[in-house]
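Single-structure report; data block below.
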Amino acid sequence: MNTIAPGLITTDFARALYEDPQKRAAREASTPLRRLGAPDDIGGIAVLLAGKAGAFITGQTIIADGGTTIG
């Protein structure tokens, strides 16, 4: 089994964390890629893992947070 561990993604669920311009700016500034994640950022990982290209990937946690955990 694989796991996707997303950072802040601009979805309705996380709206309170990014809709305030000051909070959003602070979050973007603290993320090495200087932007918030989009649903497509996570969807691409899911497609990779579900497809032939990811068939030999097992037991992994893929962190998709724009570099926050390494920043």
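The first residue of the sequence shown is numbered 1, and numbering continues consecutively from there.
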Would you mind writing out the side-chain donor-acceptor pairs for residues 6-15 within the sub-3.5 Å range, not counting sequence neighbours?
residue: Thr10; atom: OG1; partner: Gly37; partner atom: O; Å: 3.2
residue: Asp12; atom: OD1; partner: Arg15; partner atom: NH2; Å: 2.5

*asked:* Between Arg27 and Leu36, is there a side-chain heavy-atom distance shorter than 4.5 Å?
replied: yes

*Do the non-hydrogen side-chain atoms of Asp65 and Thr31 ever get within less than 4.5 Å of each other?*
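No. Closest side-chain heavy atoms not under 4.5 Å.
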
Report all side-chain donor-acceptor pairs from residues 40-50 shorter than 3.5 Å, counting only partners two or more places apart or in another chain.
residue: Asp41; atom: OD1; partner: Arg35; partner atom: NH2; Å: 3.3
residue: Asp41; atom: OD2; partner: Arg35; partner atom: NH1; Å: 2.9
residue: Asp41; atom: OD2; partner: Ala38; partner atom: N; Å: 2.7

*Test log, rule side-chain contact (heavy atoms from CB on, under 4.5 Å), inputs Thr3 and Ile62*: CA-CA 6 Å; Thr3 304; Ile62 299 175; over 6 Å; no

*Backbone N or O of Ala26 within a donor-acceptor pair of the Glu28 side chain at under 3.5 Å?*
no

*Can any side-chain N or O of Arg34 pair as donor or acceptor with the backbone N or O of Ala29 at less than 3.5 Å?*
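Yes, because the side chain of Arg34 sits within donor-acceptor range (under 3.5 Å) of the backbone of Ala29.
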
*asked:* For Pro32 versus Thr68, what's the shortest heavy-atom pair and its separation?
replied: CD-N, 3.6 Å

